[in-house]
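For reference, the structure is listed below as structure tokens.
Proteins come first, then strands; the chains are lettered A, B, ... in the order of their sequence lines, and each starts at number 1.
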Amino acid sequence: LAKTTQPISMDSYEGQEVNITCSHNNIATNDYITWYQQFPSQGPRFIIQGYKTKVTNEVASLFIPADRKSSTLSLPRVSLSDTAVYYCLVGGQYSGAGSYQLTFGKGTKLSVIP
Amino acid sequence: EAGVTQFPSHSVIEKGQTVTLRCDPISGHDNLYWYRRVMGKEIKFLLHFVKESKQDESGMPNNRFLAERTGGTYSTLKVQPAELEDSGVYFCASSQEGWGRRNTEAFFGQGTRLTVV
């Protein structure tokens with residue numbers, strides 16, 4: 001199981017670019033890296049997924065170095081509404097009972113300040 | 001398209017009572033998952049349905065928890081009898097494909113906050 005390590009919390013001013021780095025030193029060859037966002041009183045929401053190099057969508061960018069032992073979620077020009085907890089997930093954990101599960105860590109609590 | 005919906009949004013019950021949580025997945029999603037976060041802890045897997053069958057219930061904490069998905073549509077999670085430690089937020093998620101090494105995008109509901117007093 002590839003364990004992930006993220007900062008517990010981050011603060012940023014509005015309009016800044018925010019980069020959240022996740023370490024996953026024992027990522028498996030076939031594992032993908034996925035980021036979820038969770039607002040208070042809501043369920044997690046898929047943001048972006050990647051395997052290597054760079055992935056970009058309308059919400060964020062994901063940078064993955066060649067060794068894949070870490071990844072960085074980049075949020076351009078954050079606003080107050082980006083205040084949330086961001087989870088980095090790696091692969092799926094096989095439960096041994098015929099199913100893979102998402103394994104959530106503690107996540108990074110991002111606070112955007114006016 | 002409607003997302004994953006959960007009912008109720010919040011439930012407060014006394015210890016020993018029974019509570020039933022409901023989840024309506026996105027139409028057409030065969031895979032349905034229940035997760036929960038108890039106070040101060042991480043979000044943890046409970047179980048996984050593929051259509052009406054329980055694919056994996058290794059995360060269910062004990063036999064006071066019973067999940068069903070009759071007809072492969074909505075699912076219910078019953079806690080009977082509820083204990084104080086069952087308090088937390090229960091999330092339901094659905095996806096078109098099952099998760100593997102590559103995480104198929106999962107859609108989560110807003111969660112049901114359960115408070116046992």
Side-chain angles (χ1 to χ4, degrees), chain A residues 1-6 8 22 24 26-52 55 57 59-60 62 64 68 71 84-109, chain B residues 3-6 8-10 21 23-26 29-38 40-51 53-60 67 88-114:
Chain A
L1 171 64
K3 181 181 176 180
T4 59
T5 303
Q6 305 174 233
I8 295 173
C22 177
H24 28 80
N26 54 344
I27 186 171
T29 302
N30 297 328
D31 283 343
Y32 279 71
I33 300 156
T34 312
W35 285 78
Y36 278 78
Q37 173 192 55
Q38 185 178 25
F39 297 114
S41 302
Q42 292 190 24
R45 183 175 74 106
F46 175 95
I47 302 177
I48 197 167
Q49 181 181 80
Y51 182 79
K52 61 180 180 181
V55 179
N57 61 23
V59 177
L62 179 59
I64 306 168
R68 304 197 332 117
S71 59
V85 178
Y86 292 82
Y87 295 97
C88 164
L89 290 83
V90 173
Q93 178 186 0
Y94 185 62
S95 69
S99 171
Y100 283 84
Q101 327 162 355
L102 288 183
T103 299
F104 289 86
K106 291 180 169 53
T108 297
K109 184 176 181 180
Chain B
V4 176
T5 53
Q6 294 186 244
S9 58
H10 189 191
L21 315 180
C23 168
D24 286 67
I26 292 174
H29 282 191
D30 288 341
N31 294 273
L32 186 150
Y33 306 81
W34 283 97
Y35 277 74
R36 76 169 180 177
R37 189 210 324 260
V38 296
K41 302 289 187 179
E42 297 164 13
I43 299 173
K44 294 290 188 184
F45 168 83
L46 294 178
L47 87 159
H48 171 204
F49 282 100
V50 177
K51 297 184 180 179
S53 299
K54 292 177 185 175
Q55 181 74 20
D56 179 2
E57 50 185 334
S58 61
M60 295 286 264
V89 182
Y90 289 76
F91 294 104
C92 174
S94 72
S95 63
Q96 284 189 317
E97 301 172 14
W99 292 325
R101 290 295 192 187
R102 177 171 189 164
N103 288 326
T104 299
E105 181 174 352
F107 297 85
F108 282 78
Q110 291 193 316
T112 293
R113 180 175 295 279
L114 174 64

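- Residue Lys106(A) places its NZ atom among 12 or fewer non-hydrogen atoms of other residues, nucleotides or ligands, all under 6.0 Å distant.
- With values rounded to the nearest 0.5 angstrom, Glu105(B) atom CD is found 11.0 Å from Ile47(A) atom CD1.
- Residues Tyr87(A) and Ile43(B) share a closest heavy-atom pair of OH-CD1, 4.0 Å.
- In this structure, the portion of Tyr35(B) lying under 4.5 Å from any heavy atom of chain A is its side chain and not its backbone.
- Between atom CZ of residue Phe108(B) and atom CD of residue Gln42(A) there is a gap of 13.0 Å, rounded to the nearest 0.5 Å.
- At most 12 heavy atoms of other shown residues, nucleotides or ligands fall within 6.0 angstrom of atom CD in Gln96(B).
- Remark: the backbone N or O of Ala106(B) is paired with a side-chain donor or acceptor of Tyr36(A) at under 3.5 angstrom.
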Dump the intermediate steps for side chain to side chain contact (heavy atoms under 4.5 Å, CB included) on Arg37(B) and Gln38(A), then the final yes or no. CA-CA 13 Å; Arg37(B) 189 210 324 260; Gln38(A) 185 178 25; 2.8 Å; yes
